[in-house]
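Note that the numbering runs from 1 along the sequence shown for the chain. First listed ligand is number 1; within each ligand, the first listed atom is number 1.
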Amino acid sequence: MSKVIDSFNFTIGRVLAGKYRIERLLGRGWEGEAYQVTEVKTGVQRAAKVFYPQRNRGDRALRAYARKLEKLSGCSALIRYHHTDSFRRSGQPISFVLSELVRGEILEDFVKRQRGGRLTGFEALHLLRAVARGVAQIHQFGEYHGDLHDRNVLVRRRGIHFEVKLLDLSSDKSSTRHRQQDDVIDLAGLLYGMVGGRKWYARQPPEIKTICRGMKHSLILDRFHTSSDLVVHLDGFGWDTPR
Ligand SMILES: Nc1ncnc2c1ncn2[C@@H]1O[C@H](COP(=O)(O)OP(=O)(O)O)[C@@H](O)[C@H]1O
Ligand SMILES: [Mg+2]
């Protein structure tokens, strides 16, 4: 029986598995903690996602995550998988995934940092397009994301564009049309959150409401059967609001 660990809190400078020096905590979630690490031998920077053992029994979560990232290595919006490693803590094996280090900010923090803690409609639609294209790529590979929320999207501005990387795909179930449609609903949910959520929704222009549809799932799916429908819409809709 593995001991429950709900935080690792590695100190800066600690070396994992004799190979990866901890530089800083990148973030934590349900499955584990992600750190920026330096590969001691090469000086190369990586991200290490260290799994809490109780969320990764028999390395199931780690194996599924690694395989799914590898299967989707053609998707430019996903982090690049490198390899896995492990070490022991109080006799218990702890495993981690080494991946590309993404220099970006989680969407939640990016939105909070904006004036009023929300994005303008145009910015939000522009960012949504970048995320929706990433999700459409995943769907084209016959897969689904399954855990699309504002702490699993990393954002970085470049020129007039938003570069996004999607993290943390849920990997325990096989892909179905239904799970892909849940991703479409989550995309609408991301837009809803970016423009200020419930507090600001009533005041949104039609360009936002046509996508969020009051966050009524059936209405969203009536309009957008697939993530590609949403991308096509974002690339070509007409503006109702005079500007
Ligand atoms: N490759 C990476 N580059 C930069 N930050 C990352 C990376 N992987 C994870 N993070 C950060 O760590 C957090 C937790 O990682 P995540 O894979 O989402 O774990 P969990 O499954 O526990 O939610 C993310 O929300 C993000 O802030
Ligand atoms: Mg996460």
Side-chain angles (χ1 to χ4, degrees), residues 2 4-10 12 14 16 19-39 42 44-73 75-86 89 94-113 127 130-131 134-135 137-138 143-158 162-173 179 182-183 186-187 189-190 193-194:
S2 55
V4 171
I5 297 181
D6 50 22
S7 88
F8 291 113
N9 274 327
F10 295 127
I12 311 295
R14 179 186 165 150
L16 300 184
K19 294 179 216 149
Y20 309 98
R21 192 175 55 243
I22 299 279
E23 301 295 344
R24 68 185 177 102
L25 178 72
L26 292 166
R28 35 166 69 93
W30 191 79
E31 281 183 324
E33 292 169 12
Y35 289 86
Q36 178 174 337
V37 296
T38 302
E39 190 176 49
T42 60
V44 166
Q45 302 284 296
R46 292 276 181 258
K49 175 172 173 174
V50 192
F51 286 76
Y52 300 135
Q54 68 275 14
R55 307 266 192 247
N56 182 38
R57 295 200 197 284
D59 272 339
R60 270 203 296 279
L62 166 125
R63 197 163 34 239
Y65 189 46
R67 284 189 183 164
K68 196 158 171 183
L69 282 180
E70 187 58 21
K71 175 176 177 192
L72 296 172
S73 60
C75 295
S76 52
L78 286 182
I79 55 166
R80 199 65 56 248
Y81 166 70
H82 288 274
H83 56 275
T84 65
D85 211 328
S86 64
R89 177 171 158 143
I94 309 285
S95 301
F96 54 102
V97 166
L98 273 305
S99 71
E100 167 191 8
L101 170 68
V102 179
R103 302 195 189 265
E105 186 177 14
I106 57 169
L107 179 59
E108 180 185 44
D109 292 348
F110 176 75
V111 172
K112 270 198 205 138
R113 206 158 55 69
L127 212 159
V131 180
V135 173
Q137 273 186 333
I138 295 174
E143 274 297 344
Y144 72 108
H145 186 289
D147 197 16
L148 210 54
H149 57 68
D150 59 2
R151 287 178 309 287
N152 282 339
V153 177
L154 289 165
V155 189
R156 192 179 180 193
R157 294 196 98 133
R158 183 181 293 276
F162 291 102
E163 287 180 353
V164 302
K165 291 278 179 185
L166 310 177
L167 301 169
D168 200 12
L169 296 97
S170 109
S171 25
D172 49 347
K173 299 187 186 82
R179 294 200 175 102
D182 284 346
D183 284 345
D186 289 343
L187 284 167
L190 285 177
M194 286 190 273

* **Identity and distance of the protein heavy atom lying nearest atom 3 (N) of ligand 1** =>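 Here the closest protein heavy atom is Val102 N, 3.1 Å.
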* Looking at atom 2 (C) of ligand 1, what's its closest protein heavy atom, distance included? -> Ala47 CB, 3.6 Å
* Just do the salt bridge (charged side-chain N to carboxylate O under 4.0 Å, His left out) check on Glu23 and Arg21 with the steps written out, would you? => CA-CA 6 Å; Glu23 301 295 344; Arg21 192 175 55 243; 3.4 Å; yes
* So, for Ala61 and Phe51, which heavy atoms are closest and what is the spacing to 0.1 Å? ->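 So the minimum-distance heavy-atom pair works out to CB-CE2, 3.9 Å.
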* Work out which heavy atom in Phe96 is nearest to a heavy atom in Val50; give both atom names and the distance. => CB-CA, 3.7 Å
Give the atom numbers and elements of ligand 1 that come within less than 4.0 Å of a heavy atom of [X].
X	answer
Glu31	20 (P), 21 (O), 22 (O)
Gly32	22 (O)
Glu100	1 (N), 2 (C)
Arg151	24 (C), 25 (O)
Ser99	1 (N)
Leu154	4 (C), 5 (N)

Using distance alone, determine whether [X] and ligand 1 share an N or O pair under 3.5 Å.
X	result
Asp168	yes
Ile106	no
Ala34	no

* Contact check: Asp168 to the Mg ion (ligand 2), N/O/S below 2.8 Å ->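 Checking the Mg ion (ligand 2) against Asp168, an N, O or S atom does fall under 2.8 Å.
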* How long is the gap from CG on Leu78 to NZ on Lys165, to the nearest 0.5 Å? ->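 Interatomic distance, Leu78 CG to Lys165 NZ, rounded to 0.5 Å: 8.0 Å.
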Heavy atom under 4.0 Å from ligand 1: found in [X]'s side chain, backbone, both, or neither?
X	value
Leu167	side chain
Asn152	side chain
Leu26	both
Lys49	side chain

* Asked: What residue among Arg157, Arg113, Arg156 forms salt bridge (charged side-chain N to carboxylate O under 4.0 Å, His left out) with Glu105?
  -> Arg113
* Asked: Thinking salt bridges, do Glu31 and Arg55 make one under a 4.0 Å N-O criterion?
  ->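 So Glu31 does not pair with Arg55 through a salt bridge.
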* N-O pairing of Arg151 and Asp168 below 4.0 Å -> no
* How are the rings of Tyr20 and His83 set relative to one another: parallel (under 30°), tilted (30 to 60°) or perpendicular (over 60°)? ->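 The rings of Tyr20 and His83 sit tilted, inter-plane angle from 30° to 60°.
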* Knowing that exactly one of Val153, Leu154, Val155 qualifies, which makes a side-chain contact (heavy atoms from CB on, under 4.5 Å) with Ile106? -> Leu154
* Could you tell me whether a side-chain N or O of Asp183 sits under 3.5 Å from a main-chain N or O of Tyr144, the two making a donor and an acceptor? => no
